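One structure is given below, encoded as structure tokens.
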Amino acid sequence: MFNLSDFQPNNTAHYELPVIIKVSIVIPLTCMFLGCIAVMLHTFASHRQFLETSRYILFAYMLINDAFQVISSVVLFALFVCQIKFPLFYCIPLLFVSTATFQNTPLILAAMSLERYVAIVYPLQRPLAWRSDRIWVIILALWIISCLFPLIDFSIGKQDPNLDPFSTPVLCKSAELNTSPIQMLFKAVIFIIFFAVVAIIILFTYVRILLETRKLRQDRASVNKAMHTVVLHGFQLVLCVLAFTHPITESLVKVHGWQPQDMAFFNYFTFILIPRFLSPLIYGFRDQNLRACIGKSLLCCSRKVSP
């Protein structure tokens with residue numbers, strides 16, 4: 001995650017307009033994204049066929065995770081831009097949700113790729129955990145894993161003895177918790193392991209599905225669709241990995257003399273928010289069944305509103 005200290009506004013009027021522009025960009029797009037998420041989740045809840053398919057259940061889970069990720073990160077962004085201070089004790093839940101949901105994203109991509117692999121390789125004898133009525137076991141495991149590491153991260157951090165977490169007002173940013181070198185090393189190792197394991201899983205599932213296409217004589221369309229879905233999972237994983245390119249962009253700031261807060265906003269908007277905004281477009285609207293149901297839902301709503 002990016003350090004929100006780079007967003008700190010200057011007291012001069014020169015920096016007031018850029019801050020207003022940044023907020024005007026982030027907030028409307030966030031509202032549009034949450035609106036799309038609400039429509040899709042309403043469609044899932046209104047059609048039993050989606051609730052009985054593992055692939056759609058995992059997709060709905062990804063939408064919920066992305067919604068929490070965007071809401072928490074945007075709230076942190078708005079609080080820091082407005083320079084609102086409050087005790088660290090009340091800031092920890094926001095930072096925890098933001099970190100856990102960010103780490104949960106690659107795990108969900110790995111689970112969705114494995115689900116496509118299981119559906120193609122074991123169409124008739126699907127393992128029990130991957131059935132729609134038991135998929136909650138995998139979802140619960142993903143939540144436990146993604147929440148475990150932030151708890152360890154926060155527990156090994158060394159706090160300033162002069163800072164009272166219950167009364168001392170501070171800016172809500174990760175720098176207030178990430179204070180020790182051991183903590184920074186732990187986060188770096190965890191992120192590398194997360195993304196390396198997920199990349200291996202996505203590559204493995206793609207190769208196995210590719211090999212299955214040479215064996216199957218029938219239903220080539222569904223297999224090819226599964227391959228394209230796995231490729232899209234890999235593409236979104238690349239977008240997530242790009243979130244860690246901020247050391248490169250920080251060097252560009254020093255070379256070209258750009259404003260650090262502007263470059264930090266560019267990194268945050270491009271590599272944190274945009275991948276989440278693309279999720280419903282990439283995985284939702286490309287699905288014919290889901291797209292048709294969403295169109296019917298919107299048509300029914302428009303008919304109800306028109307009278």
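As the structure is a prediction and not an experimental result, all values here were calculated from the model. Hydrogens, waters and symmetry mates play no part in the numbers below; they use all other heavy atoms, side chains included.
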Check [X] against [Y] and note the closest heavy-atom contact, atom names and distance.
| X | Y | value |
| --- | --- | --- |
| A45 | L51 | O-CD1, 4.3 Å |
| P106 | F194 | CG-CD2, 4.2 Å |
| F277 | F269 | CE1-CE1, 4.5 Å |
| S98 | Q69 | O-OE1, 2.8 Å |

*Qualifying residues under side-chain hydrogen bond (donor to acceptor under 3.5 Å, both in side chains), relative to D66, sequence neighbours excluded*: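 Partners of D66 under the side-chain hydrogen bond (donor to acceptor under 3.5 Å, both in side chains) test: S279.
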Determine all donor-acceptor pairs shorter than 3.5 Å in which one atom belongs to a side chain in residues 23-32; sequence neighbours excluded.
residue: S24; atom: OG; partner: I20; partner atom: O; Å: 2.7
residue: T30; atom: OG1; partner: V26; partner atom: O; Å: 2.7

About how many Å separate [atom2] of [Y] and [atom1] of [X], when rounded to the nearest 0.5 Å?
| X | Y | atom1 | atom2 | result |
| --- | --- | --- | --- | --- |
| Q103 | I145 | CD | CD1 | 11.0 Å |
| L58 | L63 | CG | CG | 11.0 Å |
| M40 | I64 | CE | CD1 | 13.0 Å |
| I144 | L140 | CD1 | CG | 4.0 Å |
| I37 | R276 | CD1 | CZ | 11.5 Å |
| F149 | L151 | CZ | CG | 11.0 Å |

*Is the centre of the F59 ring less than 6.0 Å from the centre of the F50 ring?*
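When the ring centroids of F59 and F50 are compared, they turn out to be at least 6.0 Å apart.
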Hydrophobic clusters here meaning ILVMFWY residues chained together by side-chain heavy-atom distances under 4.5 Å, can you tell me if [X] and [Y] are in one?
| X | Y | result |
| --- | --- | --- |
| V137 | V118 | no |
| V198 | I200 | no |
| I92 | F86 | yes |
| I192 | V197 | no |
| L273 | I21 | yes |

_Sidechain-backbone polar pair: S132 side chain, S54 backbone, donor-acceptor under 3.5 Å_ =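 Pair absent, no side-chain N/O of S132 close to backbone of S54.
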_Side-chain donor/acceptor of Y268 to backbone N/O of S73, under 3.5 Å_ =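 Flag set: sc Y268 to bb S73 pair under 3.5 Å.
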Is there side-chain contact between [X] and [Y], with heavy atoms separated by less than 4.5 Å?
| X | Y | value |
| --- | --- | --- |
| K85 | V170 | no |
| I138 | L114 | no |
| Y56 | I135 | no |
| I190 | D153 | no |
| F44 | T53 | no |

*asked:* Show, in sequence, the C-alpha distance, side-chain angles and deciding distance for Y61 and W143, and conclude whether the side chain to side chain contact (heavy atoms under 4.5 Å, CB included) test is met.
replied: CA-CA 10 Å; Y61 170 55; W143 266 118; 2.9 Å; yes
*asked:* Could you check whether atom CZ of R131 has more than 12 heavy atoms from other residues, nucleotides or ligands sitting under 6.0 Å from it?
replied: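 Counting other residues, nucleotides and ligands, CZ of R131 exceeds 12 neighbours.
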*Would one find more than 12 heavy atoms of other residues, nucleotides or ligands at under 6.0 Å from atom CZ of F89?*
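No, the 6.0 Å shell around CZ holds no more than 12 heavy atoms from other groups.
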*So F102 and I272, side chain to side chain contact (heavy atoms under 4.5 Å, CB included) or not? Walk me through it.*
CA-CA 9 Å; F102 181 79; I272 298 296; 3.7 Å; yes
*Applying the side-chain contact (heavy atoms from CB on, under 4.5 Å) test to N65, which of L107, V70, L142, T101 qualifies?*
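The passing option is T101.
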*asked:* Using the side-chain contact (heavy atoms from CB on, under 4.5 Å) definition, which of the options I108, L203, T205 pairs with S113?
replied: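 Result for side-chain contact (heavy atoms from CB on, under 4.5 Å) with S113: T205.
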_Once disulfide bond (SG atoms under 2.5 Å apart) is applied, do any residues pair with C91, and if so which ones, sequence neighbours excluded?_
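C172.
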